[in-house]
Structure formats: C-alpha cells, structure tokens
Amino acid sequence: MAALSIFDIAGSGMNAQSLRLNLVASNISNANSVSSSAAEAYKSRQPVFAAELNNAMNKHNATSKVNVLGVVESQEAPIMEYSPSHPMADKDGYIFKSNVNTVEEMANMMSASRSYQNNVEVLNTAKQMMLQTLKMGQ
C-alpha cells in the first residue's frame with residue numbers, strides 16, 4: 001500500500017539521523033584526545049548518505065528513502081603541538097591532537113537532532129491523518 005510507504009521513508013530518515021548523532025557524539029567525546037603519532041590520532045568521522053529513488057518511472061508510486069553508504073574519516077591533518085613534558089610526546093617533543101572541530105560538530109548535532117525531530121513529526125502527522133480517515137467511515 002502506497003500510503004504506508006511514508007513510514008518507511010521517515011524511518012529511513014530517522015535511522016540516518018540517528019547514525020549522524022552517534023558519530024557526532026563520538027567525535028565530540030574524542031575531540032581532546034592526544035596521541036604520540038599522526039597515524040594514531042583520532043580523526044573526525046562523518047556519515048555518507050544517498051537518496052534511493054524507487055520506481056522513478058512510475059509517477060504514482062515514486063518513493064525516496066535515505067541510504068547510508070558508509071562512514072568516512074576526515075583527511076585533515078591532526079593538530080601537532082609542541083609539549084615535550086607530556087608523557088605521550090614523541091622523540092621530538094610533539095603530541096598530536098584530534099582534528100575534530102567542536103563548533104562544527106555542535107552545528108551537526110543541532111541539524112541532525114532537528115532532522116530527526118522533523119521525521120518524527122511526519123510519522124505522527126501521517127498516523128493522525130490515517131486515524132481521522134478511518135473515523136470518517138463511522
């Protein structure tokens with residue numbers, strides 16, 4: 001039934017935003033992590049989404065879901081800081097901090113949270129409309 005596909009669409013959006021929120025939480029929790037080498041430093045992770053358009057040729061049943069293609073690590077270099085007294089300093093006295101931008105992550109968190117909330121509202125509205133439609137027959 002085509003009317004029920006709204007639940008699949010909103011559900012796929014909620015799953016995508018849930019993954020996004022989990023990655024933001026992971027990035028923020030590791031924002032101040034320190035390593036002794038650039039290779040071991042925590043790198044910011046971001047989700048990659050794609051819209052899946054089903055039945056594009058059938059104009060009466062075109063639905064679009066969100067697919068999670070994967071998670072990518074940032075290619076940005078970690079922050080190198082001179083701190084010879086730090087226990088994790090390398091032989092040259094440098095430590096490597098995560099490349100996470102906390103301001104950017106907070107903006108991502110707000111956006112993902114609002115998108116998740118919008119999908120919940122879509123589900124609630126569709127449910128209410130279906131219930132009202134069923135009541136019309138009484």
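Positions are given from 1, in the same order as the sequence printed here.
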Distance-minimising heavy-atom pair for [X] and [Y]:
{"X": "E40", "Y": "S35", "answer": "CB-OG, 3.0 Å"}
{"X": "P84", "Y": "A89", "answer": "O-CB, 4.2 Å"}
{"X": "D8", "Y": "K65", "answer": "CB-CE, 3.7 Å"}

Hphob cluster co-occupancy, [X] + [Y], side-chain heavy atoms under 4.5 angstrom:
{"X": "V122", "Y": "V120", "value": "yes"}
{"X": "Y82", "Y": "M80", "value": "yes"}
{"X": "M106", "Y": "V24", "value": "yes"}

Got a sec: does the CG of N32 have more than 12 other heavy atoms crowding it under 6.0 Å?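 Check fails, neighbour count at 12 or below.
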If only atom types and distance count, is the side chain of [X] paired as donor or acceptor with the main-chain N or O of [Y] below 3.5 Å?
{"X": "D90", "Y": "D92", "result": "yes"}
{"X": "S98", "Y": "Y42", "result": "yes"}
{"X": "S26", "Y": "N22", "result": "no"}
{"X": "N67", "Y": "L69", "result": "no"}
{"X": "S29", "Y": "A25", "result": "yes"}
{"X": "Q75", "Y": "E73", "result": "yes"}
{"X": "N27", "Y": "R45", "result": "yes"}

Got [X] and [Y] here, is their nearest side-chain heavy-atom distance under 4.5 Å?
{"X": "K127", "Y": "L131", "answer": "yes"}
{"X": "M109", "Y": "L21", "answer": "yes"}
{"X": "L123", "Y": "M14", "answer": "yes"}

How long is the gap from OG on S113 to CG on N108, to the nearest 0.5 Å?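 One gets 12.0 Å once the value is rounded to the nearest 0.5 Å.
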Rounded to the nearest 0.5 Å, what separation is found between the OG atom of S36 and the NZ atom of K91?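 The OG atom of S36 sits 11.5 Å away from the NZ atom of K91.
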Got a sec, which residues hit side-chain contact (heavy atoms from CB on, under 4.5 Å) with E76, two or more places apart in sequence or on another chain?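 If we apply the side-chain contact (heavy atoms from CB on, under 4.5 Å) test to E76, skipping adjacent residues, the hits are S74, N99.
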Hydrophobic cluster of V71, others only, ordered by chain and residue number, side-chain cut-off 4.5 Å: L19, L23, F49, V66, V68
Could you please spell out the steps behind the side-chain contact (heavy atoms from CB on, under 4.5 Å) verdict for N118 and Q17? CA-CA 11 Å; N118 288 338; Q17 296 309 321; over 6 Å; no
What salt bridge (charged side-chain N to carboxylate O under 4.0 Å, His left out) pairs are there with at least one residue in residues 96-121, not counting sequence neighbours? E81-K97
